[in-house]
Amino acid sequence: GYTAPNFCGSSWTNANDNCATGAPCPGAQDSECPDGQSCFGGITCPTPTTYGSTSAATSGYTAPNFCGSSWTNANDNCATGAPCPGAQDSECPDGQSCFGGITCPTPTTYGSTSAATSGYTAPNF
């Protein structure tokens, strides 16, 4: 199967089981790993690594960060909500904050007057 680069762990099994979130060690050196871990090769990782990500949720497709009064509000309203690609609250309307890891099922229509105007409209005939 697909063999990801080498990964760090307390054992080969630990490195293999936790490869999606574990530290990679492409140079095959224990010194590349966090303290107490060693580098193991031949890891068959079924999912892309999300090492360094804030949560596992960000491993799927996620739209840019979005503004909202809460993470749930930003996620629920992402299709029409204000994006904040720089992850700064200052990019959001007053009273809203910027939230990351939003899984938006539909393309954003922020700034459109209606959902209909965001699609292609044929010229008049």
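Heavy atoms only: backbone and side chains are in, while hydrogens, waters and symmetry mates are out.
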pair check: C92 + C67, SG-SG < 2.5 Å: yes

Might you point out which heavy atoms bring [X] and [Y] nearest each other, and give the distance in Å?
| X | Y | answer |
| --- | --- | --- |
| N65 | C98 | CB-SG, 3.5 Å |
| N73 | S69 | OD1-N, 3.0 Å |
| F66 | A74 | O-CB, 3.8 Å |

Strictly distance-based, threshold 3.5 Å: is any side-chain N or O of E91 a donor or acceptor partner for the main-chain N or O of A87? yes

OG1 of T13 to CG of N18: how many Å apart, nearest 0.5 Å? 10.5 Å

